[in-house]
Amino acid sequence: MDFNINIFIESIPYLLRGALVTLRLSIISVGIGVVLGLFIGLARISKRYIFRIPATLYVEVIRGTPLLMQLLIIYYALPSFGINLGAITAAIVGLSINSAAYTGEIFRGGIQSIEKGQMEAARSLGMSYFQAMRYVILPQAFRRILPPLTNEFVSMLKESSLASTLAVTELLRAGREIVAWKANVFSPFLGVTLIYLLMTLPLTRLSIWMEKRLKTSD
Amino acid sequence: MIKVVNLHKKFKNLHVLKGINLEVKKGEVLVIIGPSGGGKSTLLRCINRLEEPTEGEIYIDGIKITDPKIDINKIRQKVGMVFQLFNLFPHLTALENITLAPIKVKKIDPKIAKEKAYDLLRRVGLQDKANSYPSQLSGGQQQRIAIARALAMEPEVMLFDEPTSAIDPEMTKEVLDVIRELAHDGMTMIIATHEMGFAREVAHRIIFLDQGQIVEEGSPKEFFENPKEERTIEFLSKILSV
């Protein structure tokens, strides 16, 4: 056990800077992921093959392969096609593409969980499919998917640590750098662990609370 | 007003409607009765194309609505529908349920839509429930809001798909009263129902639908007092002896 309180305290400001990068990566990626995911979710339940098949393929490929591999391809393989992304951009692109597949499935599930009669009632009043989606189905679906969407954000906070392999100094990499400088493993990593928990635990509780509230209001 | 010609509907191997021919005149109240699974709902749902007919034609106001090129959203504005399970929008208040389609589809000024909605709420006796959410209302109240919601689009025809089947018996009267009043005002209506007393009272004409076919058709008096077909007699004896 090489715990050293001084190293621990000294490492906190640097780790917090890394945590900010982690937060920024996660917020931007989930944000883009939610927007793309909405369209992917809609495409997944579309009656038209031209929307449904590519969307299904996308979701299966992204969910069926490791995120680390996806990030490495974007950062190291794309330049050979003339596409050069900086480390942070590559990380955001990779994490967004990944998040979109998962949020797409969350949206699909949320939309499909709304009773069929809702769409029928809306359509029977003369609303188009998209009006019915926008004013009737999605507002209800949004409430139901808020808990899983929060969970998706929690996963992203943790999984964005893979961006450390692209030389992005997010929280985990910040910890590893201190480990290298100070030749002390435990102290910085304890800080890393605590900061991750500080970010994820409140959100996990929030998600559980929202789920409970939804159950009582349904 | 409504004309149905040789309408067929198949769900995979299930032949639900087998050549329905039907005409409803303006201001007429047509009541459809028949056993569950006989095709009542499917017939109503074909008339506003919530179900796509497999074969046959439907005309509303002379417009062939089974034409694939037709703007079905325009047609549906003329055809109000009331569902067995109400299908109110749970995230909106009673008032918002009523004003949503007029504002978003007909682009009516929200203020005017709201005034009209209050009129409709008064008409169904629920002016004090404008700001209630569906979950705070009884089944009978929800169904009356659903009727008001359909009326807000000023439809020319109203379709009722077993409007009281999911409501507690002591609440059905308040719903039937609203429909009765609509009949008085000359609204063209097609009503699928199991309420025989109501059918007899409100219908101008009754059809008996069984196994996807119109078995018998007639005025309420003829139909209930002097049914001709064996299947009708059997059905009526079962349902009226309860």
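Hydrogens, waters and symmetry mates play no part in the numbers below; they use all other heavy atoms, side chains included. Per chain, numbering begins at 1; letters A, B, ... match sequence-line order. Note that the structure is a prediction, hence the values are computed from the model and not measured.
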(request) Under 4.5 Å, counting heavy-atom pairs only, tell me which of B:A150, B:G80, B:P90 racks up the most with chain A. (result) B:P90

Could you pull out every donor-acceptor pair under 3.5 Å between chain A and chain B?
from	atom 1	to	atom 2	distance (Å)
A:G117	O	B:N87	ND2	3.2
A:Q118	NE2	B:L88	O	2.8
A:E120	OE1	B:R45	NH1	2.9
A:E120	OE2	B:R45	NH1	3.4
A:E120	OE2	B:R45	NH2	2.6
A:R123	NH2	B:N73	OD1	3.2
A:Q131	NE2	B:K104	O	3.2
A:Y135	O	B:H91	NE2	2.9

(message) For B:F11, I'd like to know if atom CZ has over 12 heavy atoms of other residues, nucleotides or ligands within 6.0 Å.
(response) yes

(message) Report which part of B:L50 has an atom under 4.5 Å of a heavy atom belonging to chain A: side chain, backbone, both, or neither.
(response) side chain

(request) Select, from B:L88, B:V82, B:L159, B:L92, the one with the greatest count of heavy-atom pairs under 4.5 Å involving chain A. (result) B:L88

(request) Return the option, out of B:A101, B:A146, B:P102, with the maximum number of heavy-atom pairs under 4.5 Å with chain A. (result) B:A101

(request) Give a yes or no on this: more than 12 heavy atoms of other residues, nucleotides or ligands lie within 6.0 Å of atom OH of A:Y76. (result) yes

(request) Rounded to the nearest 0.5 Å, what's the gap from CG on A:L125 to CZ on B:F89? Could you check? (result) 5.5 Å

(message) Within the structure provided, determine whether A:M127 and B:L100 are in side-chain contact (heavy-atom separation under 4.5 Å).
(response) yes

